[in-house]
Amino acid sequence: MPKLPPKDYIDSVEFPQALTLQPIGIIHSPYKERHGTPRQSHLRSAPASYTPAIAQVELFPQRVPPIALQDLNGFDRIWLITWLHLNHHWNPTVKLPRGNLKVTHGTLATRAPHRPNPIGLSATRLLGVEGLTLTVEGIDLLDQTPVLDLKPYVTYCDAFPQARCGYVDTMEDHQSHETDVFGEQRPPWTLQPQGSIPPTPQGGQRGGEVPHGG
C-alpha cells in the first residue's frame, strides 16, 4: 500500500471564536442552594458528620442511546463534565472557603465555579447504571445542573498521587476544612430558625458566603 502524503488538518479549519454545546443530561441532586453544597465531589478533610450524598444523572434519550453506556458499570468512578449555569460572572482572583480566608488566589489556580467558561469537573463514585440513569455517590453539583459529557475515571492516566498541589497541600496538612458543608444528612444547626448562629471549631461565628474553590 503506498504511503499517503502528510495532511495539514490545522490550516484547513479556522480557529473557532464561539462554541455551541448541547446538554446530554441533567443532574438530580439533593442540593438546591449553593450554601452547604460540597466544593468537591470527594472531601478528604470533611466534618465528622459528613456522609456523601446520593444523586442521579439522567441522560436524554434524544441525545444518548442506552448502548452508549455499555461497559460503564465496570468502573468505580466517572468524570462528570457539567455546565455551571447559575454562574454568569467571574473575577480573576477569589478567596477560598477554607484556610486563610483573607488570602486571595488566582481563579485559574483554584477550583472556583465562577470561571471564564463555567465548566464543572467532578470525579464521582458510580453506584449503578439503569437504562439512561446513573446513580452516583458524592456530588458537588446543584440540582438541575446540565451535563455536557461523562467519561470513565481511569487510574493509570487520571491519578497522580505524588503530584504537588501548591497551597492545597498546606491546607490538607493542617486538616483545614469547611464547617458549612452538608452531606446525606444536614447538621442539626441547619434546621434552627433563620438567624441562628451555628458553632465553629474555633468558637467563632460564621461569616458571609465565600466563593467555592480549593
Side-chain angles (χ1 to χ4, degrees), residues 9-10 12-34 36-44 52-90 94 106-161 163 165 168 181 183-184 211-214:
Y9 293 105
I10 304 303
S12 63
V13 179
E14 292 185 359
F15 182 81
Q17 298 301 318
L19 304 174
T20 300
L21 300 174
Q22 294 182 338
I24 67 168
I26 188 171
I27 298 293
H28 297 296
S29 162
Y31 302 114
K32 311 295 183 182
E33 58 176 323
R34 289 184 174 92
T37 302
R39 269 65 175 186
Q40 307 294 333
S41 56
H42 175 74
L43 301 177
R44 189 174 78 175
I54 306 297
Q56 282 75 40
V57 182
E58 177 191 353
L59 301 180
F60 301 145
Q62 67 272 25
R63 297 286 295 151
V64 179
I67 197 172
L69 299 176
Q70 181 176 308
D71 302 322
L72 191 62
N73 252 331
F75 293 86
D76 281 340
R77 289 187 174 271
I78 58 172
W79 290 108
L80 291 177
I81 303 167
T82 55
W83 188 261
L84 308 179
H85 62 301
L86 299 183
N87 301 328
H88 303 295
H89 306 285
W90 75 286
V94 296
T107 296
L108 299 186
T110 74
R111 306 290 286 270
H114 298 271
R115 317 184 70 80
N117 290 307
I119 295 175
L121 181 66
S122 306
T124 189
R125 183 183 176 196
L126 179 63
L127 297 182
V129 179
E130 184 174 348
L132 289 175
T133 300
L134 287 68
T135 301
V136 298
E137 179 187 70
I139 195 74
D140 55 354
L141 298 167
L142 293 178
D143 191 47
Q144 307 295 307
T145 296
V147 178
L148 298 178
D149 201 356
L150 63 90
K151 297 183 178 183
Y153 177 94
V154 182
T155 54
Y156 88 87
C157 59
D158 289 340
F160 302 91
C165 297
V168 178
V181 59
E184 190 175 25
H212 299 189

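Just so you know, these numbers come straight off a predicted model, no measurement behind them.
A distance of 5.0 Å separates CD1 in I81 from NZ in K151, rounded to the nearest 0.5 Å. Rounding to the nearest 0.5 angstrom, the gap separating the OG1 atom in T155 from the CZ atom in F160 is 10.0 Å. Distance check, rounded to the nearest 0.5 Å: CZ of R77 to CZ of F75 gives 14.0 Å. Between atom CG of residue L150 and atom CG of residue L72 there is a gap of 6.5 Å, rounded to the nearest 0.5 Å.
Under the rule for a side chain to side chain contact (heavy atoms under 4.5 Å, CB included), the partners of I67 that lie at least two apart in sequence or sit in another chain are P65, Q70. Every residue two or more places apart in sequence or in another chain was checked for a side chain to side chain donor-acceptor pair (under 3.5 Å) with D149, and none qualifies. Not counting sequence neighbours, the partners of R125 by the side chain to side chain donor-acceptor pair (under 3.5 Å) test are E137. Evaluation of the salt bridge (Lys or Arg N to Asp or Glu O under 4.0 Å) rule for D143 yields K32 as partners, not counting sequence neighbours. For N73, there are no side chain to side chain donor-acceptor pair (under 3.5 Å) partners at least two apart in sequence or on another chain. Residues passing the side chain to side chain contact (heavy atoms under 4.5 Å, CB included) test with N117, sequence neighbours excluded: W83, I119. With sequence neighbours excluded, the residues forming a side chain to side chain contact (heavy atoms under 4.5 Å, CB included) with P61 are L132, listed by chain and number. Remark: T133 pairs with Q56 by the side chain to side chain contact (heavy atoms under 4.5 Å, CB included) rule, at least two apart or across chains.
A 4.5 Å side-chain heavy-atom check between L134 and L69 finds at least one atom pair inside the cut-off. The shortest distance between side-chain heavy atoms of L126 and D76 does not fall below 4.5 Å. Residues I78 and Y153 form no side-chain contact, since every pair of their non-hydrogen atoms from C-beta on lies 4.5 Å or further apart. Residues T82 and P23 fail the side-chain proximity criterion, which asks for heavy atoms closer than 4.5 Å. You'll find the side chain of L84 stays beyond 4.5 Å of the side chain of R115, heavy atoms only. Side-chain atoms of L127 and I54, non-hydrogen and from C-beta on, do get closer than 4.5 Å to each other.
Looking at T124, V154, L121 one by one, the single match for side-chain contact (heavy atoms from CB on, under 4.5 Å) with W79 turns out to be L121. A side-chain contact (heavy atoms from CB on, under 4.5 Å) with T145 is found for exactly one of L80, I27, I26, namely I27.
In this structure, the side chain of S29 engages the main chain of L141 through a donor-acceptor pair within 3.5 Å. T110 places a side-chain N or O within donor-acceptor distance of the main-chain N or O of A112, the cut-off being under 3.5 Å.
Note on residues 19-28: pairs passing side-chain hydrogen bond (donor to acceptor under 3.5 Å, both in side chains), not counting sequence neighbours, are Q22-R63, H28-E58.
Between Y31 and A53, the closest heavy-atom pair is OH-CB, 3.6 Å. For S122 against D140, the heavy-atom pair with the smallest separation is OG-OD1, 2.6 Å. Taking every heavy atom of both residues into account, A68 and V64 meet most closely at CB-CG1, 3.7 Å.
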